[in-house]
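Right, one structure below, let's go through it.
Quick note: numbers below take in every heavy atom, side chains included, and nothing from hydrogens, waters or symmetry partners. One is the number of the first residue; the rest follow in order along the sequence. The structure displayed is predicted, hence computed values, not measured ones.
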Amino acid sequence: MIDSALPYPSSRQPVMGDCAIAASQPLAAQAGMAMLIRGGNAIDAAVAAAMALTVVEPTGCGLGSDGYAIVWDGAELHGLNASGRAPAAWTPALFAGLERMPERGWNAVTVPGAVSGWIALWRRFGSLPLAELAAPAIRFAEQGFPVSPVIATLWANGAKVLYAQPGFAECFMPGGRAPRAGERVRLPGHAATLRRIVETEGEAFYRGEIAEKIAAHSAACGGHMTTADLAAHEAEWVGTISTRFGDHLLHEIPPNGQGIAALIAAGVLDRLGWHDHAPDSAGLTHLAIEAVKLGLVDAEHHVTDIDAMRVRPADLLAPAYLDARAALVDPAHAGDPGHGAPRPGGTVYLAVADRDGRMVSFIQSNFMGFGSGVVVPGTGISLQNRGTGFSLDPDHVNIVAPRKKPYQTIIPCFATDLSGAPEMAFGVMGGPMQAQGHLQMALRCLGFGQNPQAAADAPRWRVVAGRRLAVESSFPEALAAQLAAMGHEIVRAPPDAVFGFGGAQLVRRCGSGYVAGSDPRKDGQALVF
């Protein structure tokens with residue numbers, strides 16, 4: 001049974017129905033729900049919402065994003081990797097003299113994969129015409145949409161940093177500034193690009209006139225992405241990797257993403273007797289924090305393009321390896337396994353389920369807010385900065401190389417029972433939070449039966465570096481003091497901190513229907529019917 005109580009401060013209730021969608025922006029959630037009401041399936045709804053998010057939440061994603069999805073088609077689970085590769089010209093020598101990869105501009109941009117992901121999902125599982133799925137996004141772009149509050153804040157923050165990047169101000173600073181909450185924004189170039197994507201089923205974006213515009217803008221700005229780089233791109237069906245957590249299996253996309261960090265953490269925690277603790281106790285929170293540290297350090301050391309990894313994902317999830325990692329945890333004192341501090345992020349996540357049992361866990365992102373800041377003129381294509389995920393250390397497995405995929409932070413998650421039956425689609429946005437947010441959501445929902453809204457509302461913690469632990473302003477004082485006594489160095493976030501602890505969306509099976517929750521930290525919404 002799912003507990004319907006809301007033990008944390010909340011202005012929302014869990015919502016229940018035969019179909020459900022939870023997304024990080026209300027207009028996008030409604031776009032997806034419209035497809036379900038019309039008789040479309042969960043995949044149709046996910047693609048429609050994802051397209052709409054590129055318009056109404058450009059602070060986290062765009063037409064130049066990457067994306068990943070986990071799909072339960074009613075019979076089996078599928079994993080999709082729609083992330084892009086480095087341009088062929090990206091050798092270590094190209095970045096000689098730099099201490100780290102660029103974060104902004106064309107030399108931070110890998111081939112954008114989100115569009116290929118939409119098309120791959122629609123071709124394999126969609127039931128409605130592609131034009132119908134894109135119609136809400138095109139309408140928002142052409143007719144305009146009112147900017148929602150949290151997105152307005154993030155938009156203003158991004159504009160302060162990115163105003164000088166090629167094409168950014170023209171697209172995202174109408175009247176010379178970022179739009180304020182409630183102001184209507186129109187993106188006609190974005191709408192035109194969406195129409196062409198629909199007309200060509202994505203071909204124009206990778207092997208047609210849109211690709212030519214992307215490559216020409218790159219060349220004009222000193223970038224190295226070519227039409228050949230774009231034409232070589234394909235979304236990949238990669239399956240999932242998983243580990244046991246209590247009475248469930250947690251599923252993630254295989255590397256190049258950090259999903260394996262969440263699985264390592266879950267596998268370690270499962271060996272530490274978490275069942276003996278209460279959900280908000282110091283003992284459990286400490287064990288979860290220590291498990292996350294081990295997952296993060298392993299991901300940072302080992303994860304890159306899966307074809308370039310020196311160890312297999314299965315090796316990192318082997319029972320003997322997880323046993324050995326769990327043995328490193330001191331149940332009474334904070335440790336420092338030497339992981340690095342995760343970088344900030346900008347991401348959108350959505351979860352969908354339909355009345356026929358299909359479920360989708362989907363994520364797409366430009367990475368650091370608006371990403372690279374580069375916008376291809378007249379197209380609305382804002383480009384991610386996933387290239388900054390590469391290393392410039394020649395001895396690191398994640399060293400930059402031609403046509404290689406970088407380490408990525410964005411990860412969708414999916415839970416099944418031990419027989420493989422679907423249980424929950426969920427995710428937590430925000431680069432520093434995603435793997436550790438997955439563990440916190442899994443603990444609350446799968447471990448202790450909390451409903452998705454309660455799990456989304458609960459105050460969160462975030463491993464920063466060493467023994468430093470950031471906690472939300474609402475995090476209980478007594479719990480923080482107990483953790484400090486165990487050696488954790490507590491950093492309390494100010495009440496107005498925006499998005500530092502991610503944004504969760506969850507859809508879980510509940511009897512013959514679903515229960516959904518959406519994070520109040522963002523402008524998200526959960527809808528059912």
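- The backbone N or O of Thr304 lies less than 3.5 Å from no partner atom in the side chain of Lys404, so there is not a single donor-acceptor pair.
- Side-chain atoms of Tyr349 and Ser361 include a donor-acceptor pair closer than 3.5 Å.
- Ring planes of His78 and Phe125: tilted class, angle from 30 to 60°.
- Atoms CG and OG1, on Leu80 and Thr240 in that order, are 12.5 Å from each other to the nearest 0.5 Å.
- A distance-only check finds no donor-acceptor pair linking the side chain of Arg358 to the backbone of Ile43 [under 3.5 Å].
- With Thr110 as the fixed residue, the side-chain hydrogen bond (donor to acceptor under 3.5 Å, both in side chains) test singles out one of His233, Arg85, Gln384: Gln384.
- Here the OG1-CD1 distance, from Thr379 to Ile214, works out to 7.0 Å after rounding to the nearest 0.5 Å.
- Of the inter-residue distances, the one linking Asp354 atom CG with Ile21 atom CD1 reads 11.0 Å to the nearest 0.5 angstrom.
- With salt bridges taken as basic N to acidic carboxylate O contacts below 4.0 Å, none links Asp66 and Lys405.
- Side-chain polar atoms of Ser391 and His396 form no donor-acceptor pair below 3.5 angstrom.
- The aromatic rings of Trp72 and Phe414 lie parallel to each other, with less than 30° between the two planes, well short of the 60° mark.
- With Arg508 contributing its side chain and Gly517 its backbone, the two residues share no donor-acceptor pair below 3.5 Å.
- Looking at Gln25, its side chain does come within 3.5 Å of a backbone N or O of Leu27 through a donor-acceptor pair.
- Without hydrogens or angle criteria, Trp155 side chain to Met173 main chain gives no donor-acceptor distance under 3.5 Å.
- Taken to the nearest 0.5 Å, the CD atom of Glu300 stands 8.0 Å off from the CG atom of Leu296.
- Proximity of a side-chain donor or acceptor of Asp73 to a complementary backbone N or O of Glu76 within less than 3.5 Å is detected.
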### Message
Please determine whether side-chain contact (heavy atoms from CB on, under 4.5 Å) holds for the pair Gln436 and Arg460, giving the CA-CA distance in whole Å, both sets of side-chain angles, and the decisive distance to 0.1 Å.
### Response
CA-CA 10 Å; Gln436 45 195 314; Arg460 295 204 273 269; over 6 Å; no
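- Residue pairs meeting the salt bridge (Lys or Arg N to Asp or Glu O under 4.0 Å) criterion with at least one partner in residues 203-219, sequence neighbours excluded, are Arg196-Glu209, Glu203-Arg207.
- Looking only at distances, no side-chain donor or acceptor of Glu132 sits under 3.5 Å from a matching main-chain atom of Pro129.
- Between Asp298 atom CG and Leu316 atom CG the span is 6.0 Å, to the nearest 0.5 Å.
- Residues Leu162 and Phe172 have side chains not in contact (no heavy-atom distance under 4.5 Å, counting atoms from C-beta outward).
- Counting only distance, with no hydrogens or angles, the side chain of Gln434 and the backbone of Ile411 share a donor-acceptor pair below 3.5 Å.
- Between the side chain of Asp519 and the backbone N or O of Gln505 there is no donor-acceptor pair closer than 3.5 Å.
- If you run side chain to side chain contact (heavy atoms under 4.5 Å, CB included) between Leu383 and each of Trp106, Phe367, Phe370, only Trp106 comes through.
- Side-chain contact, Ser365 with Arg386: a donor N or O sits under 3.5 Å from an acceptor N or O.
- The environment of Glu199 atom CD is dense: over 12 non-hydrogen atoms of other residues, nucleotides or ligands sit within 6.0 angstrom.
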### Message
Could you go through Met441 and His438, starting from their C-alpha distance and side-chain angles, then the distance that decides it, and tell me whether this counts as side-chain contact (heavy atoms from CB on, under 4.5 Å)?
### Response
CA-CA 5 Å; Met441 296 302 109; His438 285 190; 5.9 Å; no
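- Other residues, nucleotides and ligands contribute more than 12 heavy atoms inside 6.0 Å of the CZ atom of Phe95.
- Contact of the Leu194 side chain with the Val55 side chain is registered, since non-hydrogen atoms from C-beta on lie closer than 4.5 Å.
- In this structure the side chain of Gln165 never reaches within 4.5 angstrom of the side chain of Ser372, judged on heavy atoms.
- Here the shortest heavy-atom pairing between Ala31 and Ala52 reads CB-CB, 4.0 Å.
- The closest donor-acceptor contact from the side chain of Arg509 to the backbone of Gly357 lies under 3.5 Å.
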